[in-house]
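A note on names: the letters A, B, ... follow the listed sequences, proteins ahead of strands, and every chain is numbered from 1. Since the model is a prediction, treat every value here as computed from it, not as a measurement.
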Amino acid sequence: MSDELPKGYDPHGVEEKWRTHWRDKKTFTPDPDAPGEPYSIVIPPPNVTGALHIGHALNLTLIDTLCRHYRQKGRNVLWVPGTDHAGIATQNVVERALAKEGKRRQDLGREKFIDRVWQWREEYGSRILNQIDAMGCSVDWERLRFTMDEGLSRAVRKVFVQLYKEGLIYRGKYIINWCSRCHTALADDEVEHEDEQGHLWQIKYHVKDSDESLVVATTRPETIPGDTAVCVHPDDERYQHLIGKTCIVPVCGREVPIIADRYVDREFGTGALKVTPCHDHNDWALGKNHDLEFIQVIDEDGRMKPESGKYDGLSKEECRKAIVADIEAMGDLVGVEKLAHSVGHCYRCHTVVEPHVSDQWFVAMTKLAPRAREAMPKYTRLLPEAWLKTYYHWMDTIRDWCISRQIWWGHRIPAWTCQACGELMVQEEAPKACCKCGSTDLHQEEDVLDTWFSSALWPFSTMGWPDRTKELAKWYPTSVLVTGFDILFFWVARMMMMGQHFMDEVPFRDVYLHALVRDAQGRKMSKSTGNVIDPVKMIEQYGCDSLRFTLTAFAAMGRDIRLSEDRIEGYRHFVNKLWNSARFTLMNLDKEPPAPVALESVQGLASQWILHRLEVLKAEMDKAFDEYRFNDVAQGGYKFLWGEFCDWYLELVKPDMQDPARKPESQYVLYTALKEILLLLHPVMPFVTAEIWQALPGHAGEDIAVMPYPESRPGCLRPDEAAKMEFIQGVIVSVRTIKAELGIAPGRKVALKLHPADAAQQALIEANRTVIMTLARLEDIEAGAGVHAPKASASDVVQGCQIIVPLKGNVDLATEVARLDKEMGKIQKGLEMVEKKLSNENFVARAKPEFVASERARGAELADSLAKLEKLKARFEEALQGGED
RNA sequence: GGACGGUUAGCUCAGUUGGUAGAGCGCUGCCCUUACAAGGCAGAUGUCACAAGUUCAAGUCUUGUACCGUCCACCA
């Protein structure tokens, strides 16, 4: 009986209980030898020291929903959890903590600093894991991975060495993006460009041995000491005569050539460009093409180097002021104007990024990209498809990937240089001696690898590669990658490349890119804006199932999600509704499970109807899952449970529960329908469904998470019976509406007279007499063509059946006329639209015949209703004027 | 400069092959009907951004315009 379930659903104890159950029982640890078609997903690993944010919550919910669904469908499901060491981000966090003690990492030294990071990870690394657990994620905790653990580090070294030997990793001096705060190189895509208001200075460069000068425009005067050329467009008539001559760089007096290159935009600024090969990406290319001198004047800390002459030691900001002042003093400052231009910032600390020339390691993306490009959509489907174009564009314009980082936290590059002979050795384990000269004086590369390097291996490294494990054999490639579109390039594209190169197979069959979660105004959620919705708080406040349901309901493909707390609160009501429908069901069941009946041949119309609707829903939800239409999954369940099961079915079977002849069948259908709706909702709402399930008779001690998806019962699809039910519902709604609009209290029992359209309708009404009486709250029903209908009655027409509610003179009769007019107005309007269509020759000739037929039928029904209402209204008006009853 | 997305009820958003627009919250009225007041019943509100086109028929397809947003590239 129901006393097992409390009146309102309280998620707290329930969630805790099931989390513990699943973890202790290792419910989600699959056996690779077990039968079942494999289904696998690797988690997008959150930063190890991070905290759960709403984006994770969305991502985890969607993945878990998929895993639980396909587990129900009999697949052998593996979801690999894990975390990322997040090189720069984590190092920054620890450095900040250190700064509070007044220390820098250099004060500790490399080893001690790394110890300190591990210590930090011990302390905070479990936070995010607990939060993943709190989301109800059905991950396999036995296969938890971390990008820096021994197995994955071995995979990283093996990949690095192999790529190096294949010539796909190389080392060289190039211009890269440098963050002087993080003190490291950054990859191109780790630089965030933002528009900023700056200045464009116009500065006069004098031509050597001439009175002439030319004016260059620059936004960065501090780089002037590094200028090694001035460049103009070869066809620019203003400057043609100067090409090949020499000019003097202001402030430092260096003599540099005036060169010509089509790269220069004649329209911009003065059409003359100063070239600083060491401090600008484009100038670097010009320097290489024109064989210019390379002079570095800014160092790795953003300070001026001795090469800058008198500005040595100044910060670049100070230097800018000094140089502008000096040039102005010389009278060579022609002008300054404001200029909006975009400036690169470090994606981790937001410091302005400086182009910087240094020795770095690179992956030859241009060689790896073509195969990964071709793989989509041939071997891997990308959803939403719109991203495919972006993916191609990126692959087509890809540049080599700078993978070395001048930080300490990460996978140290497995390369050693012999201090004696200079030999470079790249190998998985540290060499004991130089392979060339035998010296033991070896020095390992100081740099570590970009975090995304290890992330790129995640789909196979987490399954034990390079060993040939059962996991790889069973679950690689993974079924789908679910992640945000913001890391399509950082991560997805690189996994595609590495997967193909090392496993000779794409890492996933599908890639589903979900939206970003924004606030109600559409802004990105960020701590600084103060608009974050904290999923942990939401779970505490509304329960995990409410949060999950909200996120799922919002996850329409290809659109951003604007989340507000109201929505979560709203869907909490839904969780509660489910809970209470279960309470009702339990109240009407016995301790033992109800005796099975053949569902294909149940007698009750309501039961035929709900079983029919359930079949339709099962098929729809199944399809929605296969197509990643998460919002349809959620809404399908919502509408069915609330709008059909609760609003109608539970009410419809209430009379049956008092009728010994009908009770057993209705009990069994009620029991079955609830169980199936629980199974259908379980992937989205794991906790509440699990709790209800084990409270059902016959299911004590069971775990819904391991129960199969409800089987389809084609025999229960009965559209004709469903239509009959809809007629009964129409009659009930009609009476309720009359009562509500005429101000008759809902509880006041009235008599109902019906003039059915035909004998079948008449029989249907008789068969469902009790239900109509109960739900419409009637004292009596009289149905039949000859039933006397008092003139003073409210009336309506449902599918040709006249609904007559005698008013007995105790309500405001005039209201009924207004109500009828309004009703007839609506029908009239509909009728006009139909007639307009049908009188259109083109419509009749060209529209699909079945549609024309259905329009004809509809027109006939509307006309019939209208005629009947007009007659009833005329009679009613007679009554108003005192005519007899 | 290139690409993409959005514009639907007061607010936040759904709307799967074109066929008379839906949900949540909010709002109005009536109800504590023994699962649920976190509820029930009934109701109001939309020239589906604008313009043109295709079609018998357009929120849905095509083109253009406006506004908002995102990504990429460039930016001396």
message: Please confirm whether the shortest side-chain N or O distance from A:Tyr638 to OP1 or OP2 of B:G24 is below 4.0 Å.
response: yes
query: So what is the 5' to 3' dot-bracket string for RNA chain B, if pairs are Watson-Crick or G-U wobble with both distances under 3.5 Å, crossing pairs use [ ] and | means the partner sits on another strand?
result: (((((((..((((.....[..)))).(((((.......))))).....(((((..]....))))))))))))....
field: Along RNA chain B (nearest heavy atom to each residue), the more 5'-positioned of A:His199 and A:Lys639
entry: A:Lys639
Pairs under 3.5 Å (N/O, protein and nucleotides 44-48 of chain B):
none

message: Check this for me: does any side-chain nitrogen of one of A:Arg629 and A:Glu620 sit under 4.0 Å from a carboxylate oxygen of the other?
response: no
- prompt: Would you say A:His12 has more than 12 foreign heavy atoms packed within less than 6.0 Å of its NE2?
  reply: yes
Gap in Å between the two C1' atoms, one belonging to B:A35 and one to B:G40, rounded: 12 Å
task: State plainly whether the residues A:Arg320 and A:Glu222 are in salt-bridge range, i.e. N to O under 4.0 Å.
output: yes
query: Mapping A:Leu862 and A:Asp265 to their closest nucleotides on RNA chain B, which lands nearer the 5' end?
result: A:Leu862
- prompt: A:Tyr205 and A:Asp227: side-chain donor and acceptor closer than 3.5 Å?
  reply: yes
field: Rounded distance in Å - CD (A:Glu627) to P (B:U17)
entry: 11 Å
field: B:C41 and B:C32, which share atom name C1', separated by this distance in whole Å
entry: 13 Å
task: Determine the interplanar angle of the A:Tyr638 and A:Tyr571 rings, folded into 0 to 90°, and report it as parallel if under 30°, tilted if 30 to 60°, perpendicular if over 60°.
output: perpendicular
message: With rounding to the closest Å, how many angstrom separate the P atoms on B:A44 and B:G1?
response: 49 Å
- prompt: Do you see a donor-acceptor pair shorter than 3.5 Å between the side chains of A:Glu192 and A:Tyr347?
  reply: no
Protein-nucleotide distance (A:Tyr391, atom OH; B:G2, atom C1'), rounded to Å: 20 Å
- prompt: Rounded to the nearest 0.5 Å, what separation is found between the OG1 atom of A:Thr770 and the CG atom of A:Leu778?
  reply: 11.5 Å
message: Students often mix this up, so state it plainly: with edges at 30° and 60°, are the rings of A:Phe549 and A:Phe574 parallel, tilted or perpendicular?
response: tilted
message: Please report the distance separating the C1' of B:U7 from the corresponding atom of B:C48, rounded so that it comes out in whole Å.
response: 10 Å
- prompt: Just how far, in rounded Å, is P of B:G5 from CG of A:Leu513?
  reply: 14 Å
query: Can you tell me how far P of B:A57 sits from CG of A:Leu838, to the nearest Å?
result: 15 Å
query: To the side chain of A:Arg567, which of B:A14, B:C4, B:A23 is closest?
result: B:A23
query: How long is the line joining CH2 of A:Trp387 and P of B:U70, in whole Å?
result: 12 Å
message: Distance to the ring centre below 6.0 angstrom and angle to the axis at most 45 degrees; does that hold for A:Arg373 and A:Tyr391?
response: no
Nucleotide nearest A:Phe489 when distance is taken to its side chain, options B:C71, B:G24, B:G19: B:C71
query: Between B:U17 atom P and A:Glu620 atom CD, what is the distance in whole Å?
result: 13 Å
message: Nearest whole Å is fine: how far is B:G29 C1' from A:Lys739 NZ?
response: 16 Å
message: Quick check for you: among B:G15, B:A42, B:C25, whose closest atom lies nearest to any side-chain atom of A:Asn631?
response: B:G15
- request: Among the candidates B:C72, B:G24, B:A3, find the nucleotide nearest to the side-chain atoms of A:His393.
  value: B:C72
Pairwise P distance, B:C25 and B:A37 [rounded to whole Å]: 15 Å
- line: d(A:Asp400 CG, A:Thr366 OG1) to nearest 0.5 Å is 4.5 Å
message: Measuring only the C1' atom in each nucleotide, how far is B:G59 from B:A14? A whole number of Å is fine.
response: 12 Å
- request: Determine the interatomic distance between P on B:A51 and the same-named atom on B:U12; round to the nearest Å.
  value: 23 Å
- prompt: Going by the angle between their ring planes, with limits at 30° and 60°, are A:Phe645 and A:Tyr649 parallel, tilted or perpendicular?
  reply: parallel
- prompt: So with a 6.0 Å cut-off around CD of A:Glu841, is the heavy-atom count from everything else above 12?
  reply: no
message: Rounded to whole Å, how long is the line connecting atom OH of A:Tyr571 with atom P of B:A14?
response: 11 Å
task: For B:U34 and B:U8, measure between their C1' atoms and round to the nearest Å.
output: 42 Å
- prompt: Thinking salt bridges, do A:Lys829 and A:Glu832 make one under a 4.0 Å N-O criterion?
  reply: no
- line: Reading nucleotides 34-41 of chain B from 5' to 3' and marking B where a protein heavy atom lies under 4.0 Å of the base, S where only the sugar-phosphate is that close, and - otherwise, the string is -BBSBSSS
